[in-house]
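Computed from a predicted structure; not experimentally measured.
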Amino acid sequence: MNLKIALLPGDFIGNEVVAATVEVLNAIAIQYGHTIDFSSGLVGQTAIDQTGEALPEATLNAAKAADAILFGAVGGATQDTKSTVRPEQAILGLRKTFDLFANLRPVKVYEALIESSTLKPEILRGTDMIILRELTSGAYFGKPQGRDGAAGSRTAVDTTFYTEQEVARLMVMAFELARGRKKKVAQADKANVMATGRLWREVAHEVAAEYPDVAYEDVLADACAMHLIRNPRQYDIIATENLFGDILSDEAAMLAGSMGMLPSASLGQNTNRHGFRFGLYEPIHGSAPDIAGKGVANPLATILSAALMMRWSFGLTQEADAMEAAVDKVLMDGYRCGDIAPKGGGDHSNIKIVGTKEMTEAVIARL
Ligand code: NAD
């Protein structure tokens, strides 16, 4: 198969983890007889510095010509909240342009890393869920949105707005995903206090009726936050609106021990040349300016994001499984970047602390 992949590495360690992942993808292509055409584009602060825009036209064109996007991370070392041109406009613009309405974040607790989480191993063991977050609507996009007034009478407004179609398409994806897994969907809302929550619940029930083979439950988003820490194993798919999904997915990320381990996929309805979903794949971590250029960034989240790409945008299940298994093996063999280094006591004689390059080579050797 010929894979056209647009590389949008972005800022700081985005460049390092995307470069590492390209090496893994090249190795996979050789092993399984595929060809890959990589294109690349500027995004984020790097793009602003060079072109004045976070998502230049040339980048958008490269993305449009591709089957899938591999995105690094965007963000400067400091947040300029007053500037009207900001790095994160790149990712928001891509989501809008391609109508990437569903963000999948698999959260898997690796047995080899169970000690690096702040939670007790007996709570975490066996946790394997997907947080499915609505991505293109809700409070981050609803109008009116803005600020008014001078000091002493300043006001601000954000609006949470959803249509039933936006809710239904996310819930359909949740049930479809559940069918290939443990057949359980929980939908997190605030139906007790928000009209949008009541719409989510109503539509979720209508979609659930079409999937009698999948267990469905409503959960209040605040209670869900609590259950995630108390008993994360109970969840298979958690589907939720944009703002709650943003928060719950970061909380769930901490179950896995480190941001450096977690991949994500953003998918829409559009298909690529091969008839699979066009998608944007990225690690959930940011650009980590504090460690950039030191060669220590953990590339595993981006490598796992590329595995999701193999599965979702190319239907290459074997290749995806091989990449995920290789990551499992490097961890079992004791390879750790600094962010997942064991912190407590215990026997660490098997542990090898490595940088981006050695970790990448270790993954490739185990494909
Ligand atoms: P961050 O995720 O960049 O870093 C948080 C901490 O985790 C840092 O100590 C960092 O060194 C560490 N870390 C993150 N990824 C790592 C990796 N792969 N390997 C090892 N350690 C890793 O979050 P932050 O510091 O809050 O934000 C930095 C910048 O990134 C900001 O400009 C922010 O806006 C941006 N950001 C971008 C995205 C995105 O592009 N999707 C997401 C989050 C934050």
Rounded distance [0.5 Å steps], CD1 in Ile5 versus CG in Leu25 = 5.0 Å

Are Val172 and Trp312 grouped together when hydrophobic residues (ILVMFWY) are joined by side-chain heavy atoms under 4.5 angstrom apart?
-> yes

Does Asp189 reach the side chain of Thr240, with side-chain heavy atoms less than 4.5 Å apart?
-> no

Mind checking the CD1-CD spacing from Ile353 to Glu358? Nearest 0.5 Å is all I need.
-> 11.0 Å

Within the side chain of Asp236, is there an N or O that forms a donor-acceptor pair under 3.5 Å with the backbone of Lys182?
-> yes

For the rings on Tyr162 and Trp200, is their centre-to-centre separation under 6.0 Å?
-> yes

Assess whether atom CD of Glu217 is packed by more than 12 heavy atoms of other residues, nucleotides or ligands within 6.0 Å.
-> yes

Side chains of Arg105 and Ile130 in contact at under 4.5 Å (non-hydrogen atoms) | no

Taking every non-hydrogen atom, the tightest pair across Cys224 and Leu248 | SG-CD1, 4.0 Å

Considering residues, nucleotides and ligands other than Tyr32, do more than 12 of their heavy atoms fall under 6.0 Å from its OH?
-> yes

Contact summary for Val85 and Ala54, nearest pair of heavy atoms = CG1-N, 4.2 Å

Ignoring hydrogens and geometry, is there a side-chain-to-backbone donor-acceptor pair from Asp11 to Val74 under 3.5 Å?
-> no

Shortest non-hydrogen contact between Met359 and Tyr335, atoms and distance = CE-O, 3.6 Å

Is there a donor-acceptor pair closer than 3.5 Å between any side-chain N or O of Thr21 and the backbone N or O of Val17?
-> yes

Gap separating the CD1 atom of Ile237 from the NZ atom of Lys183, nearest 0.5 angstrom = 11.5 Å

For the residue pair Tyr216 and His205, is the inter-centroid distance of their aromatic rings smaller than 6.0 Å?
-> yes

Going hydrophobic residue to hydrophobic residue with side-chain gaps under 4.5 angstrom, can you get from Leu300 over to Leu7?
-> yes

Relative to Phe141, does Lys96 satisfy both conditions: NZ or CZ under 6.0 angstrom from the six-membered ring centre, and within 45 degrees of the ring's axis?
-> yes

If we only count heavy atoms from C-beta on, is the Asn103 to Ser264 side-chain gap below 4.5 Å?
-> yes

Answer yes or no: is there a side-chain heavy-atom contact under 4.5 Å between Gln31 and Leu367?
-> yes

Verify whether one side chain among Glu166 and Ser137 offers a donor that lies under 3.5 Å from an acceptor in the other.
-> yes

Taking Gln234 for the side chain and Asn231 for the main chain, is one N or O donor matched with an acceptor at less than 3.5 Å?
-> yes

Check: Thr51 and Leu42 side chains under 4.5 Å, non-hydrogen atoms = yes

Residues in side chain to side chain donor-acceptor pair (under 3.5 Å) contact with Arg133, at least two apart in sequence or another chain | Asn242

Checking Ser313 side chain against Arg277 main chain: does a donor-acceptor pair fall under 3.5 Å?
-> yes

Can you sort out the partners of Arg198 under salt bridge (charged side-chain N to carboxylate O under 4.0 Å, His left out), two or more places apart, ordered by chain and number?
-> none

Linked, directly or transitively: Val203 and Leu135 (ILVMFWY side chains, under 4.5 Å) = no

Heavy-atom pair with the smallest gap, counting every atom of Leu119 and Ile229 | CD1-O, 3.9 Å

Glu241 (side chain) donor-acceptor with Leu243 (main chain) under 3.5 angstrom = yes

Do Ile28 and Met323 have side-chain heavy atoms sitting under 4.5 Å apart?
-> yes

Verify whether one side chain among Asp158 and Tyr140 offers a donor that lies under 3.5 Å from an acceptor in the other.
-> no

In Å, rounded to the nearest 0.5 Å, how long is the span from OG1 of Thr35 to CD1 of Ile30?
-> 11.5 Å

Charged N to carboxylate O under 4.0 angstrom, Lys190 versus Asp222?
-> yes

Decide whether Glu319 and Thr317 meet the rule of one side-chain donor and one side-chain acceptor closer than 3.5 Å.
-> no

So does Lys329 have more than 12 non-hydrogen atoms from other groups sitting under 6.0 Å from NZ?
-> yes

Given the rule that I, L, V, M, F, W and Y join up when any side-chain heavy atoms are under 4.5 Å apart, are Leu304 and Leu104 in one cluster?
-> yes

Between Leu316 and the options Met310, His274, Met309, the side chain to side chain contact (heavy atoms under 4.5 Å, CB included) test singles out Met310

Has the side chain of Arg169 got a donor or acceptor atom that lies under 3.5 Å from a matching backbone atom of Gly268?
-> no

Member of Arg366, Arg311, Lys108 meeting the salt bridge (Lys or Arg N to Asp or Glu O under 4.0 Å) criterion with Glu324 | Arg311

Evaluate whether atom CE of Met194 has more than 12 neighbouring non-hydrogen atoms of other residues, nucleotides or ligands under 6.0 angstrom away.
-> yes

Within the side chain of Asp148, is there an N or O that forms a donor-acceptor pair under 3.5 Å with the backbone of Ala156?
-> no

Given side-chain hydrogen bond (donor to acceptor under 3.5 Å, both in side chains), test Arg273 with Asn2 step by step and report yes or no.
-> CA-CA 10 Å; Arg273 290 180 302 150; Asn2 173 257; 3.0 Å; yes

Under a 4.5 Å cut-off applied to non-hydrogen side-chain atoms, are Ile69 and Glu282 in contact?
-> no

Would you give the length of the straight line joining atom NZ of Lys64 to atom CZ of Phe278, rounded to the nearest 0.5 angstrom?
-> 10.0 Å

Flag side-chain contact, heavy atom, 4.5 Å: Leu255 against Leu124 = yes

Ignoring hydrogens and angles, tell me if any N or O in the side chain of Asp37 forms a donor-acceptor pair with the backbone of Lys4 under 3.5 Å.
-> no

Which distance, rounded to the nearest 0.5 Å, do you find between the CG of Leu60 and the OG1 of Thr97?
-> 4.5 Å

Would you please indicate if the ring centroids of Tyr281 and Phe71 are separated by under 6.0 Å?
-> no

Examine distances only and state if a side-chain atom of Arg179 and a backbone atom of Asp213 form a donor-acceptor pair shorter than 3.5 Å.
-> no

Using a strict 4.0 Å threshold on nitrogen-to-oxygen distance, state whether Glu122 and Lys120 make a salt bridge.
-> no

